[in-house]
Protein chains: 2
Amino acid sequence: MFSKACEYGIKAAIYITQNSLLNNRVSLKEIAAEIDSPVAFTAKILQDLARNQVVTSIKGARGGFEIHNPGELKLSQIVKAIDSDDVYKGCGLGLVKCDELNPCPIHDKFKVVRENLKEMLENTSLKELALKLDDGTTVLKI
Amino acid sequence: MFSKACEYGIKAAIYITQNSLLNNRVSLKEIAAEIDSPVAFTAKILQDLARNQVVTSIKGARGGFEIHNPGELKLSQIVKAIDSDDVYKGCGLGLVKCDELNPCPIHDKFKVVRENLKEMLENTSLKELALKLDDGTTVLKI
DNA sequence: CAGAAATAGGATATAATTGTCCGATTTAAC
DNA sequence: GTTAAATCGGACAATTATATCCTATTTCTG
Ligand code: FES
Ligand code: FES
C-alpha cells in the first residue's frame, strides 16, 4: 500500500508528535531506534518531511525534530509528501489519470475503496495517533 | 496500490476473459497491444498467472491464452498470485503482522479501509469486469 | 574559543522491480 | 516432414527504491 519510506515517515512523525506534546525534542538516532528503521534512510525521509513543513528540524547540539501542529497535521500530508497522492487519487489499474469519462473496468468499485482511504488519511491527525501510543494501546515496532 | 506487474496482470486477465466469453483465444502480442504493456514483461506475468491456474496457456501455432471460469475468478486471486495478499491483509505501517493484540497506531482506521478493499477484491469477478468492456463503458488503455 | 553533538546533503552501494533479448520447445497447417 | 507461429524460460539490462557512508555545517556547552 505505502512505500517503506512512507511507513517510516508516518511512524517517525507519530513518535515525534508524542514527544512534542510533552515539549520533548527528539533526535534522529532516538527516532530510528523507537520505530526500528535504518538511521541514515530515516534521516533522508525526515529531511523530506522538514522541506514539506511537516516536521521542524533543529540543527546543532541538542538539536532534533519537533512537530508544532500535530492536531492539524493529517496522514494525507505525509503520504502526499513522500509517496505522492496517487495512492488515494490515482487509477487502480495505472491509467495515467482516473477519468470519470474514460474509466477503467474497476473504476466504480475501486473508487469507493480509494475514497474511503482518502477520507481516512485526510481525517486522521498525528495528534490522535500519538495519544494512542501514550495509552499503550498501540505500538510502533514489534 | 498495486505493482505494475499486478496492474498488467489484471488488465490482461480482463481482456482474455472478454475474448474467452466469445470462445476467442488471444495471443500475447494481441494482449500486450490491447492493454498497452511491454510484451516480454507481460509474458512473464501471464506465465505466473498460468502457474497459478488463473489463465490457461496453449503453446504452439494458434496458441494463446484463455480463461475458463471467469465468473468464479476474483480479483483477489490475481492480486494474491502477483503481489501477495499483503495489500489487503498486512499492516498499513509494515509491522511484520497485523496483530489485534499489538496493533499499530493506524490499525483501527486502516483495518476498515483494508477490509473494504478485501471485500471488493474478493467479490469482483473477471466476468463482470469483462462485460463492462463489452458495453464500451470502460477502457483498458488511454 | 574549542570541542562535542547534532542535522544536511552529496556520493555511493545494494536490492527489488520493471523491462528486454534470445534460444528452446510445442503445435498447427501445409 | 517442414515450416511457421506461438509460449516457455533463462539470462541480462535498466530503473527505481532502499540503505549506507562520509564530510560539511550548525549550535550548544564548557
Ligand atoms: S479510471 Fe481506474 S480507478 Fe478510475
Ligand atoms: S497492526 Fe498495523 S494495520 Fe493492523
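Protein chains get the first letters and strands the later ones, always in sequence-line order, with residue 1 at the start of each. In what follows, every heavy atom counts, from backbone to side chain, and hydrogens, waters and symmetry copies are set aside.
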> For DNA chain D, which residues in residues 8-33 of chain B have a heavy atom at a distance below 4.0 Å?
Replying inline: Ser27(B), Leu28(B)
>> Here's a test of your reading of the structure: between Arg62(A) and Thr42(A), which maps to the more 5' nucleotide of DNA chain D?
In response: Thr42(A)
> Hey, quick one: are Ile45(B) and Ile58(B) part of the same hydrophobic cluster, counting side-chain heavy atoms closer than 4.5 Å, chains of contacts allowed?
Replying inline: no
> Is there side-chain contact between Lys109(A) and Leu75(B), with at least one heavy-atom pair below 4.5 Å?
Replying inline: no
> Using a heavy-atom cut-off of 4.0 Å to chain A, what are the terminal contacting nucleotides of DNA chain C, in 5' to 3' order?
Replying inline: dA5(C) to dA11(C)
> Quick one: does Asp83(A)'s side chain have a donor or acceptor within less than 3.5 Å of a partner on Phe2(A)'s backbone?
Replying inline: no
> Counting distance only, does the side-chain N/O of Asn116(A) pair as donor-acceptor with the main-chain N or O of Val112(A) below 3.5 Å?
Replying inline: no
List the atom pairs, with distances to 0.1 Å, where a side-chain N or O of residues 90-100 of chain B and a protein N or O form a donor-acceptor pair under 3.5 Å, not counting sequence neighbours.
from      : atom 1 : to        : atom 2 : distance (Å)
Asp99(B)  : OD1    : Leu101(B) : N      : 2.8
Glu100(B) : OE1    : His107(B) : NE2    : 3.1
Glu100(B) : OE2    : His107(B) : NE2    : 3.4
Glu100(B) : OE2    : Lys111(B) : NZ     : 2.6

> Mapping Gly63(A) and Lys44(A) onto DNA chain C by nearest heavy atom, which one lands closer to the 5' end?
Replying inline: Gly63(A)
Only pairs under 3.5 Å count here: list side-chain donor-acceptor contacts from residues 61-68 of chain A, not counting sequence neighbours, and write none if there are none.
from     : atom 1 : to       : atom 2 : distance (Å)
Glu66(A) : OE1    : His68(A) : NE2    : 2.8
Glu66(A) : OE2    : Arg25(A) : NE     : 2.7
Glu66(A) : OE2    : Arg25(A) : NH2    : 3.1
His68(A) : ND1    : Thr56(A) : OG1    : 3.3

>> Does any part of the side chain of Leu140(B), heavy atoms only, come nearer than 4.5 Å to the side chain of Glu34(B), both counted from C-beta?
In response: no
> Can you list the residues that meet the salt bridge (charged side-chain N to carboxylate O under 4.0 Å, His left out) rule with Asp36(A), with sequence neighbours excluded?
Replying inline: none
>> Has Lys141(B) got a side-chain atom pairing as donor or acceptor with Ala33(B)'s backbone, closer than 3.5 angstrom?
In response: yes
> Where the side chain of Ser84(B) meets the backbone of Lys80(B), is there a donor-acceptor pair that is under 3.5 Å apart?
Replying inline: no
> Asp48(A) has an atom CG; how far is it from atom P of dA19(D), in whole Å?
Replying inline: 15 Å
> Can you check the Phe41(B) CZ to dT7(D) P distance for me, whole Å?
Replying inline: 17 Å
>> Rounded to whole Å, please give me the gap between CD1 in Ile45(B) and P in dC8(D).
In response: 13 Å
> With Leu126(A), which of Ile10(A), Val55(A), Asn69(A), Thr17(A) fulfils side chain to side chain contact (heavy atoms under 4.5 Å, CB included)?
Replying inline: Thr17(A)
>> Under 4.0 Å from OP1 or OP2 of dG9(D): is there any side-chain N or O of Gln47(B) that close?
In response: yes
> Heavy-atom contacts under 4.0 Å between residues 51-59 of chain B and DNA chain D, which residues?
Replying inline: Arg51(B), Ser57(B), Ile58(B), Lys59(B)
> In whole angstrom, what separates Asp83(A)'s CG from dT16(D)'s C1'?
Replying inline: 13 Å
